[in-house]
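The structure presented is a predicted model; accordingly, all values stated were derived computationally and were not measured.
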Amino acid sequence: MKIICRRSLGQQPVYDIGVPVLHNFLVRGGWVAANCFNKSHSTAYGYVTYQTAYLKANFPVEYMAALLTANSGDQDKIQKYIATCLSMGIEVESPDVNRSGVDFTPTDDRILFGLSAVRNVGLGAIEAILLSREQEGPFHSLAELCDRVDPRIVNRRALEALIHSGALDVLEANRNQLIHDLDLVLDWAQSRAKDRAVGQGNLFDLGTQTGARSPQGSYESAPKAPPVEDFPEPEKLKLEKELLGFYISNHPLREVERPGKLMAPMGLANLEEVPEGVTLSAIVLITEIKPIVTKKGDRMAIVQLEDLTGKTEAVIFPRVFERIGHYIETDRRLMIWGKVDRRDEQLQVIVEDAEPIEDVRLVMVEIPALEAANIQKQQQLKEILRSQAGDHSGKVAVVAKIVAQNQSQLVRLGIQFRVEDEQATVQALKSQGFEAKAAVLLDATAS
């Protein structure tokens, strides 16, 4: 972009690529150039941008795997890039003790989670697992894993982390069963390791060289705890998140992804694009709550919100907290309404209202495709909805179902058309010849 640098006595052409923070340069004659890059610098940046865009367009799986690996220490960025992968049709798989490497690995049209991103699993433990896998092949059971790797390197803490992160699902899908088996199997494996260290075999080692590792079939003798039910899905996901920093095998909001896109098309990762003063809606999960009592004794809260694209901090002031405070619980799925606040170079959401996702209501208006383009019909619909807006505090969204032959498409109308009472709105629409009904969000978008 060519710009002109000015001072009181003259001007000079310079080149600017829009750096957001001012970088002032003093040029010949005393003129000052702001945000100025010389041509060679701009050319270098442009060339790197072209190379990056080429790789992303032609090798998307490899490119995103490299991007995830390069940012593996930043959980916010990892969550954002995983959301980008999903939007590109690239699945990010859970870690796998038989396939994962140290870093994120591209595999055909998928990316395999790296073992180094699992908390409590050190590089030494990962190297021991990879070496055993390379020398003796994949693992087939928890007993084989504990027997083949040194328990002093891959200890109980590391094994628990691998279980809860899903890395051992390939051995046994019931993670709770693996946890119950772990102590028994570790004692058994350590006993066998001691026997091998002194050259002593056991009954099940007959037929093998003394002191050698037992064949795969002998692992059937390993002890197992009585059968137990697997962890409930919410607890499994919570434990998984503690180890990985985010959900990977599933997400509490995954089942509401479709209605989420309909009612809140912009994710938390894109809050910077929301202008100040504009009311936004989002389907979120509360992950952390910091209760606050003001000097006046009023209750409020600062909460951490998360969706499938990212996370952000939100503030619930006393007046709003008095109305919605009973909804504010950890791991609660909510639809929130609020505004973006930019303060001290940080973004946060000022929550103005909230409702459990299961209770979110809407009005559905069925419109034939031919009528949807009719200006008179459009104006008639606008007038009805505006008459139902009340004092403009309505939060019931209106969704148009455009029907053409055997196909239909859902279109959410703008926030200016939200209504106060869904039943009254349905009656008003029907009286004017529109096909309309009140619905709960999850039921309406499931069809």
Taking atom [atom1] of [X] and atom [atom2] of [Y], what is their separation to the nearest 0.5 Å?
{"X": "Leu285", "Y": "Leu308", "atom1": "CG", "atom2": "CG", "value": "9.5 Å"}
{"X": "Thr287", "Y": "Gln304", "atom1": "OG1", "atom2": "CD", "value": "5.5 Å"}
{"X": "Asn174", "Y": "Asp181", "atom1": "CG", "atom2": "CG", "value": "8.5 Å"}
{"X": "Arg418", "Y": "Leu413", "atom1": "CZ", "atom2": "CG", "value": "12.0 Å"}
{"X": "Ile328", "Y": "Ile316", "atom1": "CD1", "atom2": "CD1", "value": "3.5 Å"}

Problem - With sequence neighbours excluded, residues passing side chain to side chain contact (heavy atoms under 4.5 Å, CB included) with Glu229 - result: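 By the side chain to side chain contact (heavy atoms under 4.5 Å, CB included) rule, Glu229 matches no residue at all.
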Exercise for the section: List for me each residue that meets side chain to side chain contact (heavy atoms under 4.5 Å, CB included) alongside Glu352, sequence neighbours excluded, and say none if there are none. Expected result: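 By the side chain to side chain contact (heavy atoms under 4.5 Å, CB included) rule, Glu352 matches Thr279, Lys339.
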Is there a donor-acceptor contact under 3.5 Å from the side chain of [X] to the main chain of [Y]?
{"X": "Ser387", "Y": "Ile384", "answer": "yes"}
{"X": "Asn374", "Y": "Lys377", "answer": "yes"}
{"X": "Thr309", "Y": "Ala83", "answer": "no"}
{"X": "Gln378", "Y": "Ala372", "answer": "yes"}
{"X": "Ser132", "Y": "Ala128", "answer": "no"}
{"X": "Asp307", "Y": "Val284", "answer": "no"}
{"X": "Thr49", "Y": "Tyr45", "answer": "yes"}
{"X": "Arg333", "Y": "Pro252", "answer": "yes"}

Exercise for the section: Evaluate side chain to side chain contact (heavy atoms under 4.5 Å, CB included) for Asp183 paired with Arg156, printing each intermediate quantity in order. Expected result: CA-CA 8 Å; Asp183 283 333; Arg156 190 185 197 284; 2.6 Å; yes
Practice task
Could you give me the CA-CA distance, side-chain angles and deciding distance for Leu347 and Glu272, then say whether side chain to side chain contact (heavy atoms under 4.5 Å, CB included) is met?
Solution key: CA-CA 8 Å; Leu347 290 176; Glu272 292 182 356; 3.2 Å; yes
Give me each pair satisfying ring-ring contact (aromatic ring centres under 6.0 Å, His included) with a member in [range], each pair once, sequence neighbours excluded.
{"range": "residues 330-366", "value": "none"}
{"range": "residues 354-381", "value": "none"}
{"range": "residues 67-110", "value": "Phe104-Phe113"}

Handout entry: Results of salt bridge (Lys or Arg N to Asp or Glu O under 4.0 Å) for Lys290 - residues two or more places apart only
Key =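 Testing Lys290 for salt bridge (Lys or Arg N to Asp or Glu O under 4.0 Å), a comparison that skips the adjacent residues, returns none.
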Exercise for the section: Not counting sequence neighbours, which residues clear salt bridge (Lys or Arg N to Asp or Glu O under 4.0 Å) with Arg342? List them please. Expected result: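 Once residues adjacent in sequence are excluded, Arg342 has no partner under the salt bridge (Lys or Arg N to Asp or Glu O under 4.0 Å) criterion.
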Between [Y] and [X], is there a side-chain heavy-atom distance shorter than 4.5 Å?
{"X": "Leu145", "Y": "Val154", "answer": "no"}
{"X": "Asp331", "Y": "Pro234", "answer": "no"}
{"X": "Trp188", "Y": "Cys146", "answer": "no"}
{"X": "Leu334", "Y": "Leu305", "answer": "no"}
{"X": "Val411", "Y": "Val399", "answer": "no"}
{"X": "Leu68", "Y": "Ile78", "answer": "yes"}
{"X": "Leu159", "Y": "Leu186", "answer": "yes"}
{"X": "Lys401", "Y": "Leu410", "answer": "yes"}

Problem - Partners meeting ring pair (Phe, Tyr, Trp, His ring centres under 6.0 Å) with Phe231 (sequence neighbours left out) - result: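 His164.
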Practice task
State whether Lys311 and Glu288 are salt-bridged, where the test is any N-O pair (Lys NZ or Arg NE/NH1/NH2 against Asp/Glu carboxylate O) under 4.0 Å.
Solution key: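 Here Lys311 does not pair with Glu288 in a salt bridge, since their nearest N and O are not under 4.0 Å apart.
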Exercise for the section: Salt-bridge test for Asp169 and Arg175: reply yes if a basic N is under 4.0 Å from a carboxylate O, no otherwise. Expected result: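 Salt bridge flag = yes for Arg175 with Asp169.
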Can you give me the closest heavy-atom contact between [X] and [Y], atom names plus distance?
{"X": "Ile111", "Y": "Cys85", "value": "CD1-SG, 4.0 Å"}
{"X": "Ala436", "Y": "Lys430", "value": "O-CE, 3.1 Å"}
{"X": "Leu244", "Y": "Ile248", "value": "CD1-CG2, 3.1 Å"}
{"X": "Leu385", "Y": "Val419", "value": "O-CG1, 3.9 Å"}
{"X": "Gln388", "Y": "Ala428", "value": "NE2-CB, 3.7 Å"}
{"X": "Glu355", "Y": "Asp359", "value": "OE2-O, 3.7 Å"}

Please table the atom pairs, donor to acceptor, closer than 3.5 Å between any side-chain atom in residues 55-63 and protein atoms at least two apart or in another chain.
unit_1	atom_1	unit_2	atom_2	d
Asn58	ND2	Tyr54	O	2.9

Can you give each donor-acceptor pair under 3.5 Å made by side-chain atoms of residues 87-99, sequence neighbours left out, with the distance rounded to 0.1 Å?
unit_1	atom_1	unit_2	atom_2	d
Ser87	OG	Thr84	O	2.6
Glu91	OE1	Arg110	NE	3.4
Glu93	OE1	Arg99	NH2	3.2
Glu93	OE2	Arg110	NH1	3.1
Asp96	OD1	Asn98	N	2.8
Asn98	OD1	Phe139	N	2.8
Asn98	ND2	Phe139	O	2.9

Exercise for the section: Sort out for me which residue in Lys236, Glu233, Glu240 forms a side-chain hydrogen bond (donor to acceptor under 3.5 Å, both in side chains) with Ser249. Expected result: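 Only one option passes, and that is Glu240.
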Practice task
Please check if atom CD in Gln376 has more than 12 non-hydrogen atoms from other residues, nucleotides or ligands closer than 6.0 Å.
Solution key: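 Counting neighbours around CD of Gln376, 12 or fewer heavy atoms of other residues, nucleotides or ligands fall under 6.0 Å, so no.
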Problem - NZ/Lys77: more than 12 non-hydrogen atoms of other groups inside 6.0 Å - result: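 Count not over threshold, so no.
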Handout entry: Parallel, tilted or perpendicular: ring planes of Tyr247 versus His251, cut at 30 and 60 degrees
Key =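 Ring orientation of Tyr247 relative to His251: perpendicular.
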Practice task
Provide the full list of salt bridge (charged side-chain N to carboxylate O under 4.0 Å, His left out) pairs with a residue in residues 114-135, sequence neighbours left out, each pair given once.
Solution key: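 Sorted result for residues 114-135: empty, none.
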Handout entry: Within residues 292-304 or reaching into it, pairs that qualify as salt bridge (charged side-chain N to carboxylate O under 4.0 Å, His left out) - sequence neighbours excluded
Key =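 Passing the test, one end in residues 292-304: no pairs.
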Exercise for the section: Test side chain to side chain contact (heavy atoms under 4.5 Å, CB included) on Leu86 and Arg254 and set out the steps. Expected result: CA-CA 11 Å; Leu86 295 177; Arg254 187 80 64 197; 3.2 Å; yes
Exercise for the section: Take Ile324 and Val351 through the side chain to side chain contact (heavy atoms under 4.5 Å, CB included) test and state the conclusion after the steps. Expected result: CA-CA 10 Å; Ile324 68 169; Val351 177; 4.0 Å; yes
